[in-house]
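For reference, the structure discussed in these notes is given below.
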Protein chains: 2
Amino acid sequence: MDNYNLLQENIRKRIEVTDDEMSYFIFLLQQKKYTRKQIILREGEISHSFTFIVSGCIKSYLIDKKGEEHILTIAPSDWWITDINSFVSGTPGNLFMEAIEPTTTLLLSREKQELLLAKLPKFEKYFRILTEKAFAVSQQRIIDYMSLTALERLEKFAASYPSAIHSLTQQQIASYIGVTPSFFSRMIKGKNIF
Amino acid sequence: MDNYNLLQENIRKRIEVTDDEMSYFIFLLQQKKYTRKQIILREGEISHSFTFIVSGCIKSYLIDKKGEEHILTIAPSDWWITDINSFVSGTPGNLFMEAIEPTTTLLLSREKQELLLAKLPKFEKYFRILTEKAFAVSQQRIIDYMSLTALERLEKFAASYPSAIHSLTQQQIASYIGVTPSFFSRMIKGKNIF
DNA sequence: TTTGAAAAATGACCTAGGTCAACTGAGATG
DNA sequence: CATCTCAGTTGACCTAGGTCATTTTTCAAA
């Protein structure tokens, strides 16, 4: 049951729920464990679920037509992740998802989410708040892309993911902030960011 | 009353509501009209409301520290727009909003939204769906930034805003796709995109 | 119809960041 | 202990897109 504590707190921070309601939500979840580098979702597959990270870390990324990987999301524990495009449209997505370390998750499938929302509409609010937050973060990322240099984006990244910065490789961080590994290496030379 | 038809359809596409419920929603809205180039929101102000565009067009943008304008959103009629960061956190935002042509809008303030959701929780679903969609679009924009050239981004833009392309200036489009006006001009030379 | 301001085009030059290949070094596997 | 693989570094060179100043075009207002 321990695995559910983090999620329960996450929910109770946003909405008020009774123990019964919480139990019903938890009943709908499926626990999944992944090993380091295990691929969770491939390009072309439909993202059928929201994934809550209990422990570990998951990245979502796309491979462009030159074969380059670009990390879109880095989701540490206490975060939800999905390919939102695929999830909302129900069509095949263009993202991969991969565990970057051993990871335990709780899966809420689209169907189960619909059951949940039909039975306990107050969870609409929970998901609305989550999505608003995710949208806000995403908008900020666009702003940062448009108005900051690579080094400034790195500094922001380091500030917002203080722990991730040690568990991720430089390649991964470079990919997230949108530069090549070799430029990244040059960029941080001198600056004592690590 | 005509002004509300577009919004009513927009809502009924996503959730089922009775006429009474719809009337209550409409009762909470405030109609506002803006002239071309009228500024609706300034950097440092708090975005207290969602704005639905009945007719016309609104852009949101930020001015970076070099004084450059970067357009984040272009919202034609039948869209909602807000500075989501400011709106969800209730803190001052860093975006401007400006009408790019004479525009009629319907405003839903944060307070009124709370009244609405408290009284008619089914609207949670409406806003959740809106936000999911906006999030999906925003994620795709990040992907495009990371993996496409300026010309490819322009082609996508032209495809998704077929009408806007004639009512916007090149400067505005350039700003939206993230290049300078002079580069934009060179980039389209030869290509018959317009 | 003129005029004035803003949009667009363009020339000359610049730079942030990319490319590609070679090299180094450290942790995992035999 | 050896070796293999993969992350990181670095050199030499490249290019997409930026900068800035000048010119041309467009178009709204008087």
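Numbered from 1 within each chain, the chains take letters A, B, ... in sequence-line order. The analysis underlying the following values was restricted to heavy atoms, covering all of them including side chains, and did not include hydrogens, waters or symmetry mates.
Heavy atoms of other residues, nucleotides or ligands lying less than 6.0 angstrom from NZ of A:K112 number 12 at most. Heavy-atom neighbours of A:E111 CD from other residues, nucleotides or ligands within 6.0 Å: at or below the threshold of 12. Residue-environment remark: NZ (A:K122) exceeds the threshold of 12 foreign heavy atoms within 6.0 Å.
With respect to A:R12 and A:D19, a salt bridge is recorded, a charged nitrogen being found less than 4.0 Å from a carboxylate O. A salt bridge is defined here as a Lys NZ or Arg NE, NH1 or NH2 lying under 4.0 Å from an Asp or Glu carboxylate O, and B:E69 with B:K59 meets this definition.
Geometrically, B:R128 does not engage B:F123 in a cation-pi contact defined by less than 6.0 Å to the ring centre and at most 45° from the axis. Taking the centre and axis of the six-membered ring of B:F127, the NZ or CZ atom of B:R14 falls outside the cone set by 45° and 6.0 Å.
Using a 4.0 Å heavy-atom distance criterion, B:K66 is classed as a sugar-phosphate-only contact.
For B:D64, there are no salt bridge (Lys or Arg N to Asp or Glu O under 4.0 Å) partners, not counting sequence neighbours.
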- [ ] Spell out protein contact along nucleotides 24-30 of chain C as letters: B when the base is contacted, S when just the sugar-phosphate is, - when no protein heavy atom is under 4.0 Å; keep the 5' to 3' order.
- [x] -------
Task: Protein-to-nucleotide contact annotation, 5' to 3' order, nucleotides 25-30 of chain D [B base; S sugar-phosphate only; - none; under 4.0 Å, heavy atom] - done: ------
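Phosphate contact (OP1/OP2 of D:dA7, side-chain N/O of A:Q172, threshold under 4.0 Å): absent. OP1 or OP2 of D:dA7 lies within a sub-4.0 Å distance of a side-chain N or O belonging to A:Q171.
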- [ ] Carefully, step by step, assess A:K65 and B:E152 under the rule salt bridge (Lys or Arg N to Asp or Glu O under 4.0 Å).
- [x] CA-CA 12 Å; A:K65 47 185 187 292; B:E152 288 167 331; 2.6 Å; yes
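Remark: A:T149, A:A150 in residues 140-153 of chain A come within less than 4.0 Å of DNA chain C through at least one heavy atom.
Of all nucleotides listed (C:dA9, D:dT9, C:dA8), C:dA9 comes nearest to the side chain of B:I188.
B:M22 is connected to B:L117 through a chain of hydrophobic side-chain contacts under 4.5 Å among Ile, Leu, Val, Met, Phe, Trp and Tyr, so both are in one cluster.
Where the helix from C:dT1-D:dA30 to C:dG30-D:dC1 starts and where it ends, the local axes point in directions that differ by 50°; five pairs per end, rounded to 10°.
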Collect all protein-nucleotide pairs involving nucleotides 10-14 of chain C in which both atoms are nitrogen or oxygen and the distance is under 3.5 Å.
residue: C:dG11; atom: N7; partner: B:R186; partner atom: NH1; Å: 3.0
residue: C:dG11; atom: O6; partner: B:R186; partner atom: NH2; Å: 3.1
residue: C:dA12; atom: N6; partner: B:R186; partner atom: NH2; Å: 3.2

